[in-house]
Structure formats: structure tokens, C-alpha cells
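Everything on this sheet refers to the single structure shown next.
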Protein chains: 2
Amino acid sequence: MTGARSVDAEVGVCCPAVLGSPLSEEEAADVAKMFAALADPARLRLLGLLADAEAGEVCACDLVGPLGRSQPTVSHHLKVLHESGLVEREKRGTWVWYRVVPERVEALRAALLPRDGRR
Amino acid sequence: MTGARSVDAEVGVCCPAVLGSPLSEEEAADVAKMFAALADPARLRLLGLLADAEAGEVCACDLVGPLGRSQPTVSHHLKVLHESGLVEREKRGTWVWYRVVPERVEALRAALLPRDGRR
DNA sequence: TGAACATATCGATGAATGTCAATGTCCTGC
DNA sequence: GCAGGACATTGACATTCATCGATATGTTCA
């Protein structure tokens with residue numbers, strides 16, 4: 001597995017609207033991957049911790065404790081979130097800082113919008 | 001349910017804001033279950049088909065074909081969507097009609113809202 | 001250079017999940 | 001009642017995934 005495929009370089013901010021029209025198999029798989037990143041309690045809590053941070057970012061070292069999982073597990077979940085584009089990472093010295101990508105979250109919300117005012 | 005924070009059993013309309021504050025393990029598990037319902041291409045397409053229906057509802061018999069999966073598989077996915085509260089079902093005679101629950105979708109969108117205007 | 005620390009990756013394992021064929025349940029019409 | 005159709009459930013199988021311990025990589029500092 002060449003890990004060369006950095007997602008946030010390739011994933012645009014916009015995504016097809018789930019409720020706007022029937023999705024093709026391909027589109028559905030793409031959006032599903034984003035939702036899958038949120039389909040785990042640990043990752044939801046991580047996202048909440050990041051969003052709640054005063055500084056807008058959190059050091060990975062400060063996420064292991066509150067999550068109550070091992071360091072490799074937290075690292076794994078952060079990787080999933082990062083690959084989904086919902087989170088970005090920045091290495092500063094020994095530490096790695098993570099923060100939410102608001103545009104990506106907003107894109108997710110937009111995907112849940114119906115096409116018109118129909119209910 | 002021990003949560004005073006009304007994660008609201010399962011079928012309630014409201015749900016805790018993922019980005020509003022760090023979620024407890026219990027809350028996170030509950031919300032994660034909702035996102036998990038969307039973390040599959042087949043179910044996303046089902047939801048799209050329902051949302052796109054002119055009549056606002058679709059007979060299960062009209063979902064098997066477009067999805068390209070077996071009838072038991074479609075039935076399984078519809079069950080997952082229904083149990084998440086995103087979809088409701090109504091049996092009329094031999095057929096079962098499914099439709100999106102807009103309030104639940106909106107609740108999901110709300111869960112992705114940051115607590116304040118912070119970015 | 002080496003010790004200490006932060007993070008990522010690897011390998012293994014148990015659990016959850018998507019899928020289908022076979023079967024069961026319920027309804028309608030004869 | 002009986003036959004046939006619509007939908008759900010069951011059982012089996014392969015795949016994916018969350019988790020952890022062990023280990024590797026990379027950085028700082030003495």
C-alpha cells in the first residue's frame with residue numbers, strides 16, 4: 001500500500017447531495033466513505049474534542065487520555081478522519097496538531113439537504 | 001437510559017450536537033449509530049431514491065430493481081434505515097411503503113453544527 | 001551520539017457487517 | 001381453503017473493522 005494518496009489534496013469541498021437525487025454507485029460510495037468516518041463513537045468524540053478546543057486545534061497527545069483508548073487506536077482513528085478530509089493535521093516538532101476542516105463538515109451537511117422545498 | 005441529556009431513546013427528533021461539545025461515550029454511540037446507517041452506498045442510494053420520489057414514498061417492490069441487489073439484501077438495508085429513524089414504513093395490503101423522515105435528517109444536519117460562530 | 005518521548009505502522013484477533021439462497025409469514029384473490 | 005405474490009427472517013460465508021501489544025520512525029535535548 002503506497003500511502004501516497006493524500007486525500008485532502010484530491011477531495012474537493014463539495015459533494016453530491018444525498019437527498020437531491022438518486023446517487024450513482026460511484027457517488028454513493030464516495031459520500032458513504034465520509035459518513036463512515038463518523039460511524040464510530042471514538043471518532044465522533046475525537047471530532048467533538050477538536051471542535052471544542054479553544055485554540056481550534058488539539059495535540060494528538062491530548063486526545064489519548066480523554067478518549068480512553070490506546071495510543072495506536074487513537075492514531076488509527078485520527079488517520080481515518082484525516083483520510084476522509086474532515087480533519088487536517090500539522091506536524092510541529094515532536095507533536096502533531098489536529099483540527100476540524102469546517103468546509104468539509106459543511107459539505108456533509110449540504111449532502112443532507114433535499115433538492116427542493118419538498119417534504 | 002441514564003443520560004439526562006436526552007439522547008432521546010432512538011426515535012426522537014433531537015440529538016446531541018457532535019461539534020457542540022465533546023460527547024460522552026454513550027451519546028457518541030447513539031449518534032454514531034445514525035451515521036452508520038448512512039455509511040453504506042446501498043443505503044445512501046435507497047435514501048436518495050426515497051427522497052426523489054414524486055409521491056414522497058416508494059413501495060419496497062420498486063427499490064429492488066434500481067438497487068441491483070437481492071430482495072433480502074434490500075429488505076435488510078431498509079430495516080437498518082428504519083431502525084435509525086431516518087425512514088418510516090407503512091404497510092398497505094401486500095405492499096410496504098417507505099418514506100424519509102425529514103425531521104430526522106434535519107436533526108442529523110443539526111448535529112454537525114458548531115456550537116458558536118467559531119471557525 | 002545516545003536517551004527519552006511522540007506518533008505511526010505492523011500483526012493478530014475477535015466482533016460486526018454486507019450479501020445471497022432458502023425459508024417463513026402475511027395478505028389477496030380465486 | 002388454497003395458490004401465488006410481497007416482504008421479512010434465518011443461516012452461512014467472506015470481508016471489513018476496532019482494538020491492542022510490539023515495534024518502527026522521527027524529533028528534541030543533553
Side-chain angles (χ1 to χ4, degrees), chain A residues 1-8 23 25-26 28-47 49-50 57-84 87-99, chain B residues 23 25-26 28-47 49-50 57-84 87-99:
Chain A
M1 240 21 93
T2 79
R5 177 132 174 282
S6 166
V7 168
D8 53 16
L23 298 173
E25 189 82 23
E26 193 175 344
D30 206 59
V31 180
K33 184 185 177 184
M34 302 183 56
F35 280 116
L38 297 177
D40 182 271
R43 290 195 289 269
L44 275 183
R45 296 192 67 203
L46 281 175
L47 208 64
L49 288 167
L50 295 183
E57 58 182 4
V58 181
C59 173
C61 60
D62 290 328
L63 292 170
V64 175
L67 211 64
R69 260 100 171 188
S70 71
Q71 178 268 323
T73 297
V74 173
S75 181
H76 161 70
H77 286 307
L78 287 171
K79 182 181 181 181
V80 173
L81 283 172
H82 180 247
E83 285 177 347
S84 78
V87 154
E88 57 186 1
R89 34 167 292 155
E90 182 183 343
K91 184 164 189 177
R92 291 205 289 269
T94 308
W95 297 276
V96 177
W97 297 80
Y98 286 87
R99 52 178 169 270
Chain B
L23 298 172
E25 188 80 23
E26 194 176 342
D30 206 62
V31 181
K33 184 185 177 184
M34 302 183 56
F35 280 115
L38 297 178
D40 181 272
R43 290 193 290 268
L44 275 184
R45 297 192 67 203
L46 280 176
L47 209 63
L49 287 168
L50 294 184
E57 58 182 2
V58 181
C59 173
C61 59
D62 290 326
L63 293 171
V64 175
L67 211 64
R69 262 111 181 190
S70 71
Q71 177 269 323
T73 296
V74 173
S75 181
H76 162 69
H77 286 306
L78 286 172
K79 182 180 182 182
V80 173
L81 283 172
H82 181 247
E83 285 176 346
S84 78
V87 154
E88 57 187 2
R89 36 168 290 156
E90 182 184 343
K91 184 165 188 176
R92 291 205 288 271
T94 308
W95 297 275
V96 178
W97 297 80
Y98 286 87
R99 52 179 168 270

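Lettering of chains follows the sequences in order, A, B, ..., and the numbering in each one begins at 1. Values below: all heavy atoms of this structure, side chains included; hydrogens, waters and symmetry mates excluded. This structure is a prediction, so every number in the text was calculated from the model and none was measured.
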Under 3.5 Å: donor-acceptor pair, side chain of A/Arg89, backbone of A/Lys79:
no

Choosing from C/dG18, C/dC27, D/dC7, which nucleotide comes nearest the side chain of B/Thr94?
C/dC27

Output the single nucleotide from D/dA8, D/dA18, C/dT7 whose closest atom is nearest the side chain of B/Pro72.
D/dA8

Rounded to the nearest angstrom, tell me the gap between atom [atom1] in [X] and atom [atom2] in [N].
{"X": "B/Lys91", "N": "C/dC27", "atom1": "NZ", "atom2": "C1'", "answer": "6 Å"}
{"X": "A/Leu38", "N": "D/dA18", "atom1": "CG", "atom2": "C1'", "answer": "16 Å"}
{"X": "B/Arg45", "N": "C/dG18", "atom1": "CZ", "atom2": "P", "answer": "16 Å"}
{"X": "B/Asp62", "N": "D/dA6", "atom1": "CG", "atom2": "P", "answer": "10 Å"}
{"X": "A/Trp97", "N": "C/dT7", "atom1": "CH2", "atom2": "P", "answer": "9 Å"}
{"X": "A/Trp95", "N": "C/dA4", "atom1": "CH2", "atom2": "C1'", "answer": "12 Å"}
{"X": "A/Leu81", "N": "C/dA8", "atom1": "CG", "atom2": "C1'", "answer": "16 Å"}
{"X": "B/Arg69", "N": "C/dT19", "atom1": "CZ", "atom2": "P", "answer": "4 Å"}

Spell out yes or no: do the side chain of A/Gln71 and the base of C/dA8 have one donor N/O and one acceptor N/O closer than 3.5 Å?
yes

Strictly below 4.0 Å: does [X] bring a side-chain N or O up to OP1 or OP2 of [N]?
{"X": "B/Ser70", "N": "C/dC20", "value": "yes"}
{"X": "B/Tyr98", "N": "D/dA6", "value": "no"}
{"X": "B/Lys79", "N": "D/dT9", "value": "yes"}
{"X": "B/Arg89", "N": "D/dC7", "value": "no"}
{"X": "B/Ser75", "N": "D/dA8", "value": "yes"}
{"X": "B/His77", "N": "C/dT19", "value": "yes"}

Both A/Arg92 and A/Val74 contact DNA chain D. Taking the nearest nucleotide for each, which residue is further toward the 5' end?
A/Val74

Give one of base, sugar-phosphate or nothing for B/Arg43, where a contact means two heavy atoms less than 4.0 Å apart.
sugar-phosphate

Classify the nucleic acid contact of B/His76 as base, sugar-phosphate or nothing, counting any heavy atom under 4.0 Å across all strands shown.
base

Between B/Arg99 and B/Glu90 (salt bridge meaning N to carboxylate O under 4.0 Å), is one present in this structure?
yes

Rounded at 0.5 Å granularity, tell me how far CG in B/Leu47 sits from OH in B/Tyr98.
13.0 Å

